Amino acid sequence: MAISETFSKFDDDPIAYLCDVTSGFDSTYPLEENEIDLIYDAMLLRLAMATVIVEAREATDESGIPHIEDASHYPRMMELLSRQGRAQAVRRLRQACRFPVYGAMGNDREHLAHDYDLLRHEREAHLGPIWHFYKKPLHITRADGAWMYAADGTAYLDVYNNVPQIGRCHPHVAKAIYRQASALNTNTRYMCDVAVESARLTADLPDHLDTCIFVNSGSEANDLAMQIAMSLSAHDGGLIIDQAYHGCTELTTALSNESWRHLPADQNPERIETLMAPDCTGALTPTTRKQQRNMQPTPTGR
């Protein structure tokens, strides 16, 4: 902080120097996430304490020798830091040290987390129309276990969006990923003990399933499964459930009729047959169906 304080005394953006010094320190002595979030507060505290100490010593020291030659930049820096705001400063510090940044910011550094419509516009401008399945797309900033948290702090129990079996952001998994990525991140073209160790999971499968192939997504897994099926059967057709989605590769798109069911029949993939999903209400008797239609929601809406 002292270095940042010294170099930024004549600058209008003290956070820029603080980011440079912090990222340099972090590259040698890795900081923790909670430490990153306290740097802005610690900097303000240091400046305030320095100002008070200088003023107090000048008021009580009769020698006339200043404790610091020129301390006028301390209040100025505090004003600049306060004007920038804690949220933006913490975001820039997190960005400088490659920590996750909660909330979005435009190119002009305007914070977008509190302007939902602007954030949605930015997303659609750069990522295309949102495919979200909700009347109002959720702005999610973090997750923990089975819960996902929106920018306004609302917690959502996630029973839909590919929840990992052991929960989101599991500390053991996050630490293992960090440690492995810090040591080696490669593919299976090289000898690698970690890959072989993971492939030993096939020992828990039936005897004929004895080979492990690593993929990066469900699309790749389904594409590979289709290739294997085509190779073994010498056929290339498929039977899918109506409105199914199996991936975004060429093979899996043909098996995902939600991508082409709206097209004319002559533009549908060949040799792909569609099976209607089972109707779970089919076993209801006419009387039961009538009772179901007449059911009214409770006052709580449940």
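Note that the structure is predicted; figures quoted are calculated from it, not measured.
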More than 12 heavy atoms of other residues, nucleotides or ligands under 6.0 Å from [atom1] of [X]: is that the case?
X: D207; atom1: CG; answer: no
X: E250; atom1: CD; answer: no
X: H170; atom1: NE2; answer: yes

Show every donor-acceptor pair shorter than 3.5 Å between a side-chain atom in residues 227-243 and any protein atom, with sequence neighbours excluded, or say none if there are none.
residue: Q227; atom: NE2; partner: D223; partner atom: OD1; Å: 2.5
residue: S233; atom: OG; partner: A229; partner atom: O; Å: 2.7
residue: S233; atom: OG; partner: H235; partner atom: N; Å: 3.2
residue: D236; atom: OD1; partner: R271; partner atom: NE; Å: 2.6
residue: D236; atom: OD2; partner: R271; partner atom: NE; Å: 3.3
residue: D236; atom: OD2; partner: R271; partner atom: NH2; Å: 3.1
residue: D242; atom: OD1; partner: N257; partner atom: ND2; Å: 2.8
residue: D242; atom: OD2; partner: R261; partner atom: NH2; Å: 3.2

What pairs with [X] under side chain to side chain contact (heavy atoms under 4.5 Å, CB included), at least two apart in sequence or on another chain?
X: Y178; value: S182
X: L127; value: R123
X: R179; value: K175

Checklist entry - Who are the side chain to side chain donor-acceptor pair (under 3.5 Å) partners of T154, not counting sequence neighbours? => result D152
Return the [atom1] to [atom2] distance between [X] and [Y], rounded to the nearest 0.5 Å.
X: L138; Y: Y149; atom1: CG; atom2: OH; answer: 14.5 Å
X: Q88; Y: Q95; atom1: CD; atom2: CD; answer: 10.0 Å
X: L224; Y: M226; atom1: CG; atom2: CE; answer: 12.0 Å
X: Q267; Y: H262; atom1: CD; atom2: NE2; answer: 8.5 Å
X: N268; Y: D266; atom1: CG; atom2: CG; answer: 8.0 Å
X: E220; Y: F214; atom1: CD; atom2: CZ; answer: 13.0 Å

Sub-4.5 Å side-chain heavy-atom contact between [X] and [Y]:
X: R92; Y: D13; value: yes
X: Y116; Y: P137; value: yes
X: L18; Y: I15; value: yes
X: R120; Y: H139; value: no
X: M78; Y: L44; value: yes
X: R86; Y: D41; value: yes
X: L81; Y: L47; value: yes
X: D158; Y: W147; value: no

Checklist entry - If you look at every heavy atom in W260 and T253, which pair is closest and at what distance? => result NE1-O, 3.1 Å
Next on the checklist: Looking at every heavy atom in both C192 and L184, which two are closest together, and how far apart are they?
Outcome noted: SG-CD2, 4.0 Å
Checklist entry - Quick one: do R76 and E79 make a salt bridge, cutoff under 4.0 Å? => result no
Checklist entry - What class does the angle between the rings of Y29 and F25 fall in, given that below 30° is parallel, 30 to 60° is tilted and above 60° is perpendicular? => result tilted
Checklist entry - For the hydrophobic clusters of this structure (ILVMFWY residues joined by side-chain heavy atoms under 4.5 Å, transitively), does one cluster hold both L263 and I272? => result yes
Checklist entry - Linking I/L/V/M/F/W/Y whenever any side-chain heavy atoms sit under 4.5 Å apart, do L93 and F99 land together? => result yes
Checklist entry - If you link I, L, V, M, F, W and Y whenever their side-chain heavy atoms are under 4.5 Å apart, who else ends up in the same group as M49? => result L45
Checklist entry - How far apart are the C-alpha atoms of D26 and R98, what are their side-chain angles, what is the distance that settles it, and do they pass the side-chain contact (heavy atoms from CB on, under 4.5 Å) test? => result CA-CA 10 Å; D26 178 65; R98 301 296 187 268; over 6 Å; no
Item to check | Derivation of the side-chain contact (heavy atoms from CB on, under 4.5 Å) call for T202 and T211 | outcome: CA-CA 7 Å; T202 56; T211 302; over 6 Å; no
Item to check | Donor-acceptor contact below 3.5 Å, side chain E35 vs main chain L31 | outcome: no
Next on the checklist: Using only atom types and a distance under 3.5 Å, with no angle test, would you say the side chain of T252 pairs donor to acceptor with the backbone of S219?
Outcome noted: no
Item to check | Verdict with supporting geometry, E33 and R94, side-chain contact (heavy atoms from CB on, under 4.5 Å) | outcome: CA-CA 8 Å; E33 191 169 9; R94 280 176 163 267; 2.9 Å; yes
Checklist entry - Could you go step by step and tell me if T249 and N222 meet the side-chain contact (heavy atoms from CB on, under 4.5 Å) rule? => result CA-CA 9 Å; T249 68; N222 290 336; over 6 Å; no
